[in-house]
Structure formats: structure tokens, C-alpha cells
There are 2 protein chains.
Amino acid sequence: MRSDAKENYHHLLVTARAVVAEEGANASMRDIARKAGVGPATLFRHFPTRDALLDTLLRGSLEELTQKANALESAPSADDALVTWLHEAVAFVRIYSGVVTLMASALSDASSALHASCAGLRSAGTRLLARAQAVGTADKNMTGSDLFALIGALGWIGDQASYSARSDYLFNVIASAILINRPSRDVAMGII
Amino acid sequence: MRSDAKENYHHLLVTARAVVAEEGANASMRDIARKAGVGPATLFRHFPTRDALLDTLLRGSLEELTQKANALESAPSADDALVTWLHEAVAFVRIYSGVVTLMASALSDASSALHASCAGLRSAGTRLLARAQAVGTADKNMTGSDLFALIGALGWIGDQASYSARSDYLFNVIASAILINRPSRDVAMGII
DNA sequence: ACCTGAACACCGTTCAAGT
DNA sequence: ACCTGAACACCGTTCAAGT
């Protein structure tokens with residue numbers, strides 16, 4: 001990459017992060033280019049799709065979250081490990097509004113630039129779920145994809161002005177539904 | 001209303017229903033006008049906002065759903081009544097993709113043409129919830145707005161290609177979380 | 001090798017001009 | 001009283017032309 005291209009690339013990323021933080025994952029691509037001071041074509045050559053841009057934007061955090069899941073596999077309580085990770089996953093998707101919908105469609109589209117990162121994260125979550133199913137109280141009918149769907153659902157709730165204030169409570173509602181055989185949902189709150 | 005205007009209005013509604021069924025609640029307004037064979041300005045005078053169009057499109061079903069809630073208030077089991085209604089509410093929002101997000105934002109925007117219909121439905125649902133909290137096993141910390149948030153979350157799940165196949169299972173997961181003190185989530189399935 | 005402005009085909013929304 | 005095409009300010013995306 002030529003040095004001016006490198007400069008463009010980095011400035012584009014910094015700007016994109018700010019704009020996406022402000023406007024959400026469906027922010028105008030043109031607006032990002034404009035605010036970065038480059039033509040729209042320059043943005044599109046560096047990031048041929050919105051998914052490609054978001055993959056670059058999110059990959060670091062997605063990998064972090066994947067590693068946290070891996071680390072939690074050796075935590076003493078399988079249930080607590082799952083709930084802790086779930087909490088972090090929901091906190092992550094709430095950073096950028098609209099990102100859960102993008103991630104969901106990336107999962108069903110193998111050609112999306114975001115697909116691999118999302119699928120990797122899902123695998124890591126699936127292992128935590130499996131352990132909680134084996135030695136914990138997690139619902140045995142649930143799949144890793146279901147877990148992702150519920151994370152997405154909580155992300156969606158967080159994106160809605162009318163519901164977002166209640167998202168901590170609704171997290172506990174859903175967490176207690178996953179750990180179906182726990183005595184009370186309040187157990188989930190102690191570990192945060 | 002002049003007779004040609006009346007004709008336009010009805011044709012617009014029929015077309016809009018078809019297009020929204022096909023493309024979802026965020027279908028292009030211009031496309032609806034085009035397919036109805038009128039200019040965009042004609043659509044916008046009949047329905048000054050997308051919410052106004054969707055209110056007209058949905059009002060009948062929303063009122064039906066509200067009345068069903070009212071009727072279920074005298075059902076023998078408060079829990080079953082709540083779950084039955086929840087099931088119908090989720091089935092309804094799944095008809096038009098994207099409609100839950102529109103409804104959620106209508107709830108937080110009193111000036112939306114959809115606001116009244118949605119708020120009315122929420123009230124009816126809230127009464128069913130309250131009864132299940134009083135004489136049933138519904139979680140006492142839950143509000144009617146939380147119930148709506150969960151309906152929306154299930155609608156969102158139904159809108160995602162990657163998750164929609166599992167929405168019946170996830171309905172049961174969430175229904176069991178609302179009726180927190182039931183012995184098993186399988187109880188919820190008998191009444192459908 | 002990279003960038004750019006202009007172009008294409010859209011969108012929601014409005015308005016002057018028509019009948 | 002109602003409708004219309006054209007207009008305005010956008011959008012994602014592409015491409016020929018520049019340096």
C-alpha cells in the first residue's frame with residue numbers, strides 16, 4: 001500500500017468509528033467518506049461493502065470477546081461463566097446501534113465480510129453454553145445459534161428508545177430463561 | 001372526499017398492503033405509489049408519513065388483538081390467557097417484517113400516527129399481565145412495556161433469516177421466563 | 001498505484017402548475 | 001378539490017479520467 005493510501009485508510013477507519021458510534025451501523029457511507037475528506041469511491045475501494053468496513057471496525061472487539069469466552073471455559077461455575085460472557089456480549093452489541101441486525105444477516109450469508117468473525121464468536125459462545133448444559137442448569141434444548149438470537153434480541157431492545165431503559169432487567173429475565181433450572185433469577189445478578 | 005380521490009385512496013391501500021407484505025414495513029414509499037399507478041405526491045397527501053400509512057394498514061388487526069386481550073381477561077387461567085395472547089401478538093408482528101421496530105419507535109413518539117393504536121394494544125396486554133401477576137405466576141417485576149419489548153424481541157428474531165426457524169422454540173423460552181414460577185416451560189405448549 | 005468528480009439509479013418529500 | 005411531473009437534497013455504487 002502506498003503511503004498516501006495508508007493514511008487514507010487509517011483516517012477513514014477513525015472517522016468511520018466515530019460516525020458509526022454516533023449514527024449506528026447503518027450510518028451513511030457517503031457521510032463517512034465526506035467526513036473523512038475523501039471521495040466516495042476511495043471509501044468503496046478500501047471497503048467494498050458496509051460489512052467489510054464493519055468487520056474491520058469490530059474485529060478487535062469480536063476477537064476479545066471470543067477470547068473471553070475461551071478463558072471462561074475454565075471458570076469454576078459453568079453457569080456463572082455463561083452469564084458473565086452473555087453480559088459482556090450484550091454490552092458489546094449495545095455499543096453500536098443496529099449492529100445486531102447486521103451480525104444476524106452476516107451469519108446467514110457466507111459471502112459477507114463479517115461472516116467469519118461472527119461465526120467464530122458464535123462457536124466460542126456455543127462451547128460455554130454446552131458446558132453449562134453438561135454441568136450446569138442451562139436449557140438442554142438450546143443451541144449456540146439460539147444463544148446468539150437472544151443476544152441479538154437484547155441488542156435490539158437496547159436500540160429502541162422506548163425499551164432501552166429496561167434492558168438490564170430484561171437481560172436478567174432472559175438469562176434466567178436460559179438457566180432454566182436455577183431457583184430464582186436473582187442468582188444471576190450476584191456475579192456482575 | 002371526491003370519488004376519484006376515494007378510488008385512489010383504496011387502491012393505494014390495497015397496493016401498500018401487498019408491497020409491505022412482500023418487502024416489509026420499510027418498503028419504498030415511491031415504489032408503493034408507482035405500483036398503485038399514482039404520483040408520489042398523491043400517496044403523501046393521503047398518508048403524510050409512513051406511520052400514517054401503516055396505522056391505516058394495521059389498525060384493524062391491532063384492534064382485533066386488543067379485543068382478544070379484553071376477552072381473555074375473563075378466561076379461567078390467567079397464565080394461559082397471557083400466553084395465548086402473547087402467542088397471537090407475536091404471530092401478528094411476524095406478518096410484516098420490520099413492523100416491531102416501527103411500533104417501538106411509535107411508542108416513544110407521541111406525535112406518530114401509529115402511537116395511539118400501539119399504546120392501546122399495550123394497555124390491553126398490560127391488563128392481562130397484571131392479572132397473571134395477581135393470580136398467576138407471572139414475574140411481578142415486569143411491566144406492560146417490558147412485555148411489549150419481549151414481543152418486539154421475538155418479532156425481531158422472526159425477521160432474521162438466521163434465527164427465524166427457531167422462533168417457536170424461542171417463544172417458549174421467553175414465555176417461560178415471564179411465567180417464572182411455573183414448574184417447566186413445557187406447560188406453555190399445551191394450550192396453543 | 002491510487003484518487004477523484006461525475007454519473008447512474010435510486011430514495012423521501014415538497015411544490016408550482018395543471019384540470 | 002384533487003392530481004401531477006418536476007424539483008430538491010439525499011443515498012449506494014461505479015467508472016472514466018486524472019496524477
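Predicted, not measured: the structure shown is a model, and the values here were computed from it. In what follows, chains are A, B, ... by sequence order, proteins preceding strands, each numbered from 1. FYI, side chains are in, hydrogens and waters are out, and symmetry mates aren't considered; it's all heavy atoms of this structure.
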Side-chain contact, heavy-atom cut-off 4.5 Å: Y163(B) with L150(A)? no
Would you say that L102(A) contacts Y96(A) through its side chain, given a criterion of any heavy-atom pair below 4.5 Å between the two side chains? no
The nucleotide from dC3(C), dT14(C), dC11(C) with an atom nearest the side chain of R45(A) is dC3(C)
Looking only at side-chain atoms of T42(A), point me to the closest of dC3(C), dG12(D), dT4(D). dC3(C)
Quick one: does L53(B)'s side chain get under 4.5 Å of I32(B)'s, heavy atoms only? yes
For dC2(C), does either OP1 or OP2 sit under 4.0 Å from a side-chain N or O belonging to N8(A)? no
Would you find a donor on one side and an acceptor on the other, under 3.5 Å apart, between the side chain of E73(B) and the backbone of K68(B)? no
In this structure, how many angstroms lie between the P atom of dC11(D) and the CD atom of E23(A), rounded? 10 Å
Protein-nucleotide distance (H11(A), atom NE2; dC3(C), atom P), rounded to Å: 13 Å
In whole angstrom, what separates K35(A)'s NZ from dC10(D)'s P? 12 Å
From the list dC11(D), dC3(D), dT14(D), which nucleotide is the closest neighbour of the side chain of P40(A)? dT14(D)
Rounded off to whole Å, could you give me the CG-to-C1' distance for the L43(B) and dG12(C) pair? 10 Å
Nucleotide pairing, DNA chain C (Watson-Crick or G-U, distances under 3.5 Å), in dot-bracket with [ ] and |: ||.|||||...|||||.||
Residue R34(B), side-chain heavy atoms: nucleotide from dG12(D), dC11(C), dT4(C) that is nearest: dC11(C)
From CD1 of I32(A) over to C1' of dC10(D), roughly how many Å is that when rounded to an integer? 15 Å
Measure from the side-chain N and O atoms of D146(A) to the backbone N and O of T143(A), and report whether any donor-acceptor pair falls under 3.5 Å. yes
Once you round it to whole Å, what is the distance between P of dT13(C) and CE of M29(B)? 6 Å
Flag for T49(B)-D51(B): side-chain donor and acceptor within less than 3.5 Å: no
Can you check whether H46(A) has a side-chain N or O nearer than 4.0 Å to OP1 or OP2 of dC3(C)? yes
Of all the nucleotides listed (dG5(C), dT4(D), dG12(D)), which has the minimum atom distance to the side chain of A41(A)? dG5(C)
Can a side chain N or O of S28(A) be found less than 4.0 Å away from OP1 or OP2 on dC10(D)? no
When you measure from the centre of the six-membered ring of Y169(B), is the NZ or CZ of R166(B) under 6.0 Å away and within 45° of the axis? yes
Tell me: CZ of F47(A) to C1' of dT14(D), nearest whole Å? 18 Å
Could you state the atom-to-atom distance from CZ of F44(A) to P of dA7(C) in whole Å? 19 Å
Nearest heavy atom decides the nucleotide; on that basis, is V38(A) or R30(A) closer to the 5' end of DNA chain C? V38(A)
